Amino acid sequence: MEISPKILYETLSKKFGKQNWWPIDKEYHKKNNSDPRFEIIIGAILTQNTAWSNVEKALNNLKSENIIDSKKISDLDIEYLKKMIKPSGFFNQKAKRLKNISSHLHNNYHDKIDDFFNRSVNEIRKELLSLNGIGPETADSILLYAGNKPVFVVDAYTKRISKRLPLKTNISYDEIQQYFEKNISKNYSKKETPEIYNELHALIVELAKNYCKKKPDCKKCPLQKNCMHNKKSF
DNA sequence: GTCCAGGGCCGTT
DNA sequence: AACGGCCATGGA
């Protein structure tokens, strides 16, 4: 059976249900009158090539000191910040990256995340990519999950699945992204695309963690009928 | 002990 | 343009 991003989304959402990304502690932000979008920005950097369970430990350390805040992080002693985020790994470079984007938001937008996001996707994306430590996936995660922009996030899992199924796309970041966005925007209304991108990326992560692993577990995979990966003819 | 995780940078070819 | 080494912790 022919596979497309649309079929992928329908099949996976039937199998796994709603994913409710980005995982966010809403109670914390209500209590502290802080902006959950900034927690997403921080989390997007901390989770670079890192298991989310480790990111949660780092985020909890920051929350216990109530420093999920762009001004506070840009003022914070970097050695102290390293200690706080240590469980998330790569803490030397990540501490720099966190201070980097925090001071950018503080200096240029006076910590007003609304002003940062209230522009065109292209403008925001270019600005994010210009910051050291923010590549395409981190930028797009911030755009989609914090900014609610219609941007599909490509990660290592998406590349792996695209290659195995295979989907009719090359494996570069931009080509896969355009392929998904073209197909989804063709099949759904403009209003619902951010939500579809949100779910689909999270569903792909779920699929890759449980079935389409490095060593694939194809026996009960929900895409077995669509996938050519372990078929003899392929 | 080994492998892997919701990447990105930098140097080499 | 493409590729490899590097960054680091914690759970399986």
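Every chain is numbered from 1, with letters handed out A, B, ... down the list of sequences. Every value quoted in this text rests on a predicted model; they were computed, and no experiment measured them.
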Check your understanding: Over how many whole Å does the gap from Ile176(A) atom CD1 to dG7(B) atom C1' extend?
Key -> 15 Å

Review point. Atom CZ of Phe152(A) to atom P of dG6(B): distance rounded to whole Å?
Key: 15 Å

Exercise for review: Ignoring backbone atoms, test whether Arg160(A) places a side-chain nitrogen or oxygen under 4.0 Å from the OP1 or OP2 oxygen of dA5(B).
Suggested key: yes

**Study point:** Distance test, side-chain N/O of Thr138(A) to OP1/OP2 of dG8(B), below 4.0 Å
**Key:** yes

Check your understanding: Hey, are Lys149(A) and Asp140(A) close enough for a salt bridge, meaning a charged N less than 4.0 Å from a carboxylate O?
Key -> no

Check your understanding: Does the base of dG7(B) carry an N or O that pairs as donor and acceptor with the side chain of Asn49(A) under 3.5 Å?
Key -> yes

**Study point:** Sugar-phosphate only, base, or nothing, as touched by Phe90(A) at under 4.0 Å among non-hydrogen atoms
**Key:** base

Check your understanding: When we call it a touch if two heavy atoms are under 4.0 Å apart, what does Lys213(A) touch: a base, just sugar-phosphate, or nothing?
Key -> nothing

**Study point:** Asn54(A) vs Arg97(A), nearer the 5' end of DNA chain B by closest nucleotide
**Key:** Asn54(A)

Check your understanding: Given the side-chain rings of Trp52(A) and Trp22(A), with only the six-membered ring counted for Trp, is the space between their centroids under 6.0 Å?
Key -> yes

Review point. Rounded to the Å, how far apart are Lys159(A) NZ and dG6(B) P?
Key: 15 Å

Point to revise | Interatomic distance, Ile142(A) CD1 vs dG6(B) P [rounded to whole Å] | key: 18 Å

Check your understanding: Base, sugar-phosphate alone, or nothing: which one does Gly135(A) contact when heavy atoms must sit under 4.0 Å apart?
Key -> sugar-phosphate

Point to revise | Among dG6(B), dC10(B), dG8(B), the one nearest Asn132(A) by side-chain distance | key: dC10(B)

Point to revise | Nucleotide range of DNA chain C lying under 4.0 Å from chain A heavy atoms | key: dC7(C) to dG11(C)

Check your understanding: How would you label the contact of Lys94(A) with the nucleic acid (heavy atoms, under 4.0 Å): base, sugar-phosphate, or nothing?
Key -> nothing

Point to revise | Sugar-phosphate only, base, or nothing, as touched by Ile134(A) at under 4.0 Å among non-hydrogen atoms | key: sugar-phosphate

Check your understanding: Which part of the nucleic acid, if any, lies within contact of Glu137(A), taking any heavy atom under 4.0 Å across all strands shown: a base, the sugar-phosphate backbone alone, or nothing?
Key -> sugar-phosphate

